[in-house]
Amino acid sequence: MVRIRLTNTRTRRKEEMTPIDASNVRLYLCGPTVYDRAHLGNARPVLVFDVLVRLLRHVYGAEAVTYVRNFTDVDDKINAEAQRRKAAGSPLSLEQLIAERTEETIGWYHDDMDAIGAGRPDHEPRATAYVGQMIEMISDLIAKGHAYAAEGHVLFDVRSFPNYGKLSGRSVDDMIAGARVEVAPFKRDPMDFVLWKPSTDDLPGWDSPWGRGRPGWHIECSAMSAALLGPSFDIHGGGIDLQFPHHENEIAQSCCAHPQASFANIWLHNEMLQVEGKKMSKSLGNFFTVRDLLDKGVPGEVIRFVMLSTHYRKPMDWTEAKAREADATLRRWRGLVAGIEPAPSPAPAVLEALADDLNTAGAIAAMHDLAAQGDAAGLLASAGLLGLLLPGMGDWAEAGDEAAVLIEALLTARAEARQARDFARADAIRDGFAAAGVEVKDTPQGPEWSLAPGFDADALSKLAADLGA
RNA sequence: GGUGGGUUGGCGGAGAGGUUACGCACCGGAUUGCAAAUCCGUGAAGACCGGUUCGAUUCCGGUACCCACCUCCA
């Protein structure tokens, strides 16, 4: 059995992972708020968890893993977009407009995450489908003395949970001292956070013991993880920016509601993605979406490779140069494994790297070794653990039939020219290939070709026409 | 102000208290009609100052700088 070690944010050390139930390893990842396209940073935890799930399924069995990732479809930004459409004259009701917006966003999200090769989780619960469970949990927290109703709100009483702040290494008193938040007058303590808040008539709302309202942001993950994974499960993750307050608040809610349970044993947090050394953020306005990159012609597999080439606990800078390098490496590897059956199991060095706190960069280095040794079968089997070189994701690296016919014809023409020692013509074809983005390798078995990143089909057609080939 | 993370060769980026990371780029050689690709090989590092140690880039302390979180954000 492979020993999987993960850095647990909760304990701040690398720990061997021991599942609560090896026949059902359970994970929860905080998913997106579905109000707009996923930006590139959203893809990072998804890919980290995708590799983690692939590893866990390899070690514990394909059926022995339950992966949950939620959709947050209750949110002021979604409401704002629906209200904007209403104001723009849409005949639909606000509820319908909200549903329309979240449906289309979820569709985009699926398209974009599929494109980078991220497998769908086993469950993708939507917050709106679990409001009943949230109300139940909030009532329970009030009954247990951990929450209180005030002016249509329900607030969590942070002073009732001595461990509050432990995950993020803060004390309530320190946070109050440095707080920049406006404190609502009905809060008992400035750090108390909202479990339920009132809705006006122009906002979505649900009936509750505290009047018509909607849930606070944090309670959904506590309610949905309990419903789908139980009060104790193995791994909970997300971006490091969620550590506080979101995950801290989840812990407070869940541990107070289920005092006998452990909630998440291991917390995994990925570092932020940066662009040109700066955090990618909505407020800075320097973010771009996964779709932007795909539309620019950056293949999903390349995005995936770049993301995985930096360890998840380190900040990763997205650069064009990395995308180019990844593109070239993947083309080379795809050439190497073409028509090859994968080995029965991944290479030990790759598996060991991933088992050691998801060292994807180390795993990729080990794959380079396999490639250098010519172990195509081992490379292919290992790449699968990282979700790379999979069938169905390699179309970008392949030429269409039309281009293939042209290239073959030109190669024949070049061979004839060389035979005739017409090197001027042979070199013209060679240079034309290079200009069009076709790489030709002459091997003892004859020429092999592949497409380079800047492949230009028009230039290829023109070359063929000019040379009459 | 509080909290957390980082600083590795030209660039990217890992592991390990003592032995080549790896990739890209560069340089030399083989190969080639010339190239490309490939193969072989060389060179190149650990922010700074102390400490522990036979030995530290790796552990400990400090300094500097960078980044993030504390506010919607993965």
Side-chain angles (χ1 to χ4, degrees), chain A residues 7 9 12 29-33 35-36 38-49 69 72 75-77 80 165 167-182 191 217 237-248 269-274 277-284 287 305-306 308-317 319 321-322 324-326 328-329 332 335 349 352-353 356-357 359-372 374 417-418 421-424 426-427 430-431 433-434 438-444 447-450 452:
Chain A
T7 298
T9 314
R12 286 161 222 288
L29 175 65
C30 287
T33 301
Y35 67 99
D36 204 355
H39 70 244
L40 190 59
N42 287 297
R44 198 169 186 198
V46 172
L47 288 174
V48 169
F49 262 63
R69 184 181 66 210
T72 299
D75 181 83
D76 287 343
K77 288 187 287 289
L167 176 72
S168 50
R170 307 149 199 251
S171 77
V172 173
D173 292 322
D174 287 347
M175 284 188 280
I176 292 169
R180 285 181 264 156
V181 248
E182 250 183 78
M191 295 314 294
W217 172 36
I240 188 69
D241 55 338
L242 291 185
Q243 185 185 28
F244 188 90
H246 184 55
H247 289 160
E248 197 73 71
H269 289 105
N270 59 276
E271 254 297 344
M272 298 290 98
L273 179 125
Q274 306 186 339
K278 290 268 185 193
K279 184 182 92 152
M280 174 184 259
S281 84
K282 287 160 197 171
S283 46
L284 287 178
F287 75 99
F305 189 100
V306 172
L308 296 181
S309 64
T310 298
H311 187 93
Y312 76 92
R313 284 192 298 107
K314 290 212 170 168
M316 199 214 81
D317 206 4
T319 64
K322 286 184 184 177
R324 277 195 303 275
E325 247 188 63
T329 300
R332 189 152 19 89
E352 179 50 35
D356 184 9
D357 201 23
N359 185 357
T360 50
I364 288 172
M367 284 159 64
H368 279 297
D369 288 341
L370 295 173
R418 292 169 80 183
R421 302 198 67 78
D422 181 356
F423 294 125
D427 290 356
R430 185 195 72 205
D431 295 341
F433 273 142
V438 178
E439 280 177 358
V440 176
K441 306 171 192 177
D442 287 317
T443 73
E448 289 176 5
W449 59 271
S450 58

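Worth knowing before you read on, the calculation uses all heavy atoms, side chains too, and leaves out hydrogens, waters and symmetry mates. First the proteins, then the strands, lettered A, B, ... as listed; each starts at 1.
- Among the nucleotides B:C69, B:C72, B:G13, the one closest to any side-chain atom of A:Lys77 is B:C72.
- Ring pair A:His246/A:Trp217 is parallel by interplanar angle, where below 30° counts as parallel and above 60° as perpendicular.
- Across B:C24, B:A36, B:A74, the shortest atom-to-atom separation from the side chain of A:Asp442 is found for B:A36.
- Between A:Arg332 and B:C24 there is a side-chain polar atom (N or O) within less than 4.0 angstrom of OP1 or OP2.
- Of the candidates B:C67, B:A74, B:G12, the closest approach to any side-chain atom of A:Gln274 belongs to B:C67.
- Backbone-only contact: A:His311 has heavy atoms under 4.0 Å from sugar-phosphate atoms and none from a base.
- Contact annotation: A:Lys441 does not reach the phosphate of B:U32 (side-chain N/O to OP1 or OP2, under 4.0 Å).
- As rounded to the nearest Å, B:A16 and B:C72 have C1' atoms that lie 42 Å from one another.
- A donor-acceptor contact under 3.5 Å links the side chain of A:His39 to the base of B:A74.
- A gap of 47 Å separates the P atoms of B:C40 and B:G4, to the nearest Å.
- Taking the side chain of A:Thr329 as heavy atoms from C-beta on, and the options B:A68, B:G23, B:A16, the nearest nucleotide is B:G23.
- Here A:Phe244 lies in heavy-atom contact (under 4.0 Å) with sugar-phosphate atoms only.
- When both pairing distances are held under 3.5 Å, B:G55 makes no Watson-Crick or G-U pair with any nucleotide shown.
- Between A:Lys314 and the phosphate of B:C67, there is no side-chain N or O to OP1/OP2 separation shorter than 4.0 Å.
- Comparing B:A74, B:C34, B:A14 by their closest approach to the side chain of A:Arg418 singles out B:C34.
- Note on A:Gly238: only backbone sugar-phosphate atoms sit closer than 4.0 angstrom, heavy atoms only; bases stay farther off.
- In terms of polar N and O atoms assigned as donor or acceptor, the side chain of A:Asn359 never comes within less than 3.5 Å of the base of B:G15 in a complementary pairing.
- Distance from the side chain of A:Asp427 is smallest for B:G33 among the nucleotides B:C69, B:G23, B:G33.
- Expressed to the nearest 0.5 Å, how far CD of A:Glu271 lies from OG1 of A:Thr310 amounts to 11.5 Å.
- To the nearest whole angstrom, the two P atoms, one in B:A44 and one in B:U38, are 25 Å apart.
- Here the side chain of A:Arg430 is nearest to one of B:A35, B:A14, B:C72, namely B:A35.
- For B:U3, the OP1/OP2 oxygens have no side-chain nitrogen or oxygen of A:Ser168 closer than 4.0 Å.
- For the side chain to side chain donor-acceptor pair (under 3.5 Å) criterion with A:Tyr312, the lone passing option out of A:Asn270, A:Thr360, A:Asp357 is A:Asp357.
- Using a 4.0 Å heavy-atom cutoff across all strands shown, A:Glu325 reaches at least one base atom of the nucleic acid.
- Across all strands shown, A:Ser309 has heavy atoms under 4.0 Å from sugar-phosphate atoms exclusively, and none from any base.
- Judged by distance alone, the side chain of A:Gln243 and the main-chain N or O of A:Leu167 form a donor-acceptor pair under 3.5 Å.
- Nucleotides B:U58 and B:C39 place their C1' atoms 34 Å apart, quoted to the nearest Å.
- Considering CD of A:Glu439 and CH2 of A:Trp449, their distance stands at 12.0 Å, rounded to 0.5 Å.
- Residues A:Cys30 and A:His247 share a closest heavy-atom pair of SG-NE2, 3.3 Å.
- Taking only side-chain nitrogens and oxygens, A:Trp449 never comes nearer than 4.0 Å to OP1 or OP2 of B:A36.
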